[in-house]
Structure formats: C-alpha cells, structure tokens
Amino acid sequence: MHYRVLIIGSGPAGLTAALYAARANLNPVVIRGLQPGGLIATTDEVENYPGFPDAINGFDLADKMERQAARFGTTFIDGLVEQVDVSEHPFRLTTDSGDTHTADTIIVATGASPRKLGVPGEAEFANRGVSYCAVCDGFFFRDKRIVVVGGGNSAVEEGLFLTRFASEVLLVHRRDQLRADPIIQQRAFNNPKMKFVWDTIATEITGNGKVNGIRLQNVKTGAEEVVAVDAVFPYVGHIPNTALFTGVLRMDENGYILTDGRTRTNVPGLFAAGDVVDHVYRQAITAAAEGCQAAMEASWYIDNLDAQAVGTETVSEGLGQW
C-alpha cells in the first residue's frame, strides 16, 4: 500500500498528526506500535490536558484522540515497523507482519520507553513483581508493600495511584526532595500510605520466583539495607524509541532525534514529533502541538512534490530542509 502520510506511533503526537493530516484530505495511516495510545494510555488520571477540568483517564484521552482522527479518515494498523528505507523516494517500510508500505512522507512519533534501573534482579523479576505500569499491574498487589523508585511527576503520580491497592507505598529517591510539581507533592505528603526514603538508590531487587525485597543504599553514608517488599515500580525517566533510525536520522548523544525547530529532520520528507524529539518538556500537550506542526509540514512538503510533478512553481512553505 502507498500512502501520502504514514505516521509511526499512536501517542498524542502521532494521533494529533493523524487528525490534521486527515482533515487535509491526505488519508494518513497510523502504525500503532506496541502501546496503542502511547505512554499516556497507561496513566490513571491526566489533570493538565486542557478541556478536561475534572481530569480524564489517560486511556480514555488516547481513545478520544484516536476516534477523532478516525472520524476524518485516518486508517490504523496494528503492528511494529521493523525496517525503514529512506534511501529513495517514496520511502519504504516493513512491519513485523511482513507487509510493505510506501509513503511520500513519514512522521516519526514513536515516543519513549521507561528507563530501567539496571540493577541485578530487575530483568529476572520483570512481570513477577517488577513493573513499569501502575495502571496495568497495581491491582495485583492489593494489600501489599510496594516500592516506587523516582522523584518526578510520573513516580509520585503513579505512587499515589498505587495507594489505592497497597498497604504501603515507599517512594525511594536519590535526592532529599522531590522534583514533582508542588501540587502533586502535597498530595503525596498528605497521603498516609505514602512513605519517603531520601538520598537513596536501589542496588538490587531480590526474590524467590517473585519479588520479595529490594536492596537500598544511602548515597551520602553508603549504608545498605534490604527492605521487604512485594513489588517494585521504577519511574526514573525514559529512553526515546529511535533505534529504528540509528544511522539514518541525526540524533543527540541520548538518542533524541534532532530537528530544525519545525519538526523537519535531516531527511527531506521525514518529520519527527513528541517524546522522540523532546527531552525537556515531555508533556502530552507539547507532543500534540508538535504532531500538529509535523502534519502541516508534511502537507506543505506534499504540495511541493505535487507542484514539481506538474512543473509548476513550488510551494514556499514546504521549501528548505535542515
């Protein structure tokens, strides 16, 4: 199949790009990836997305975005992109189902994945007490003691969510104060189930078939202790999902795609938006805004292609590439 606009990723950036491209009659296709809706779909409550004064469940927000994009003609494909060839035009992609798709433009909105702690036991006990999604797995630890590692918004918000199930939630943070927004911090401090372990890192996750403890080390004194827990939820940042484009797109030292400020990459016709680009704000609304920009840039690029094909003057908005 050939498409004018092919979008990889279905978080706020990808779905907003799909909405704008569909309304421009470009009939975009979205390849959903492993996590339909992106990371926001795993969030219990989204309180800072405009238009929802009473908050909204992350999955519901992503679902509304997808249905809105579908209303204007977006097509959705379940699967993963395994190969991308941008050496010639049109671009060519192959998915894990073996299907091949070509496209005039590609918008990369593959988001980011949770960063691992990188400690012994983490991989061994994945899905057996180690989880990166409180909404997905919190229910399984009713009346259990849970550790959350991290100090940002995600760690504190997900820790608060886990208090619905846990008997106690220990939040372990390497610093002596949280990085989360003040209003979220206050909720955590006021929650009787939330306890805080400051100036501390996790060095090992222990267990016997499933998690039964975590080894903690104080970064100031070096003192260690093993704390009995039933689950560990790390929230220590994210890694952009850009491995597919290694050696193809310019990236910074952390793997974030570099653009020219208008979502344009170093490959003409290939655009990037959302958490694959943004390592500063990483918000649903900023990702959505970049998705809008990427779709508009893709539309201008296509106009320019069409103008060249018929030998007319090019469209100025789409000219230039970083």
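The neighbour count for Gln83 CD, taken as heavy atoms of other residues, nucleotides or ligands under 6.0 Å away, does not exceed 12. No more than 12 heavy-atom neighbours from other residues, nucleotides or ligands sit within 6.0 angstrom of OH on Tyr281.
Using the six-membered ring where Trp is involved, Tyr235 and Phe233 have ring planes that are parallel, under 30° apart on the 30 and 60° scheme. Aromatic ring pairs are classed by plane angle as parallel below 30°, tilted from 30° to 60° and perpendicular above 60°; the pair Tyr256 and His279 is tilted. A tilted orientation is assigned to the rings of His101 and Tyr3, their planes being inclined by 30° to 60°. Ring planes of His89 and Phe91: perpendicular class, angle over 60° (limits at 30 and 60°).
With hydrogens and angles left out, the side-chain atoms of Ser131 and Asp137 include a donor and acceptor closer than 3.5 Å.
With Asp60 contributing its side chain and Ile56 its backbone, the two residues share no donor-acceptor pair below 3.5 Å. A donor-acceptor pair under 3.5 Å is formed between the side chain of Thr200 and the backbone N or O of Trp198. No donor-acceptor distance shorter than 3.5 angstrom exists from the side chain of Asp181 to the backbone of Ile183, with no hydrogens or angles considered. Looking at Thr265, its side chain does come within 3.5 Å of a backbone N or O of Leu270 through a donor-acceptor pair. Panel note: side chain Asp275, backbone Ala112; no donor-acceptor pair is recorded below 3.5 Å. Put simply, the side chain of Gln185 gets close to the backbone of Ala180: a donor and an acceptor are under 3.5 Å apart. Gln293 places no side-chain N or O within donor-acceptor distance of the main-chain N or O of Arg262, the cut-off being under 3.5 Å.
Residue Asp199 comes nearest to Asp176 through the heavy atom pair OD1-N, 3.3 Å, listed as atom of the first residue, atom of the second, then distance. Taking all atoms of both residues into account, the shortest heavy-atom contact from Gly150 to Leu171 is O-CD2, 2.9 Å. Across Asp96 and Gly79, no two heavy atoms sit closer than the pair OD1-CA, 3.7 Å. When all heavy atoms are compared, the tightest approach of Glu122 to Pro234 is OE2-CG, 4.1 Å.
A side chain to side chain donor-acceptor pair (under 3.5 Å) check over residues 37-47, counting only residues at least two apart or in different chains, returns the pairs Asp44-Arg164, Glu47-Arg187. For residues 143-158, the set of pairs meeting the salt bridge (charged side-chain N to carboxylate O under 4.0 Å, His left out) definition, not counting sequence neighbours, comprises Arg145-Glu168. Screening residues 12-41 for salt bridge (charged side-chain N to carboxylate O under 4.0 Å, His left out) gives Arg32-Glu66, Arg32-Asp78 as the qualifying pairs, with residues at least two apart or on separate chains.
Residues Asp278 and Arg282 are not paired through a salt bridge, judged by the lack of any N-O separation under 4.0 Å between the basic side chain and the carboxylate.
Between Thr105 and Ile302 there is a side-chain heavy-atom pair separated by less than 4.5 Å. The side-chain heavy atoms of Ile146 and Val229, taken from C-beta on, include no pair separated by under 4.5 Å.
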Report the C-alpha distance between Asp230 and Asn212 in whole Å, list the side-chain angles of each, state the deciding distance to 0.1 Å, and finish with yes or no for side-chain contact (heavy atoms from CB on, under 4.5 Å). CA-CA 5 Å; Asp230 299 285; Asn212 63 19; over 6 Å; no

Go through Leu305 and Asp104 one step at a time and tell me if the side-chain contact (heavy atoms from CB on, under 4.5 Å) criterion holds. CA-CA 9 Å; Leu305 285 180; Asp104 292 327; 4.2 Å; yes

Assess whether side-chain contact (heavy atoms from CB on, under 4.5 Å) is satisfied between Leu15 and Phe76, documenting all intermediate values. CA-CA 10 Å; Leu15 294 176; Phe76 293 88; 3.7 Å; yes

Show your reasoning for whether side-chain contact (heavy atoms from CB on, under 4.5 Å) applies to Val29 and Ile77. CA-CA 7 Å; Val29 62; Ile77 297 174; 3.4 Å; yes

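With Phe165 as the aromatic partner, Lys193 does not meet the cation-pi criteria of under 6.0 angstrom to the ring centre and within 45 degrees of the ring axis.
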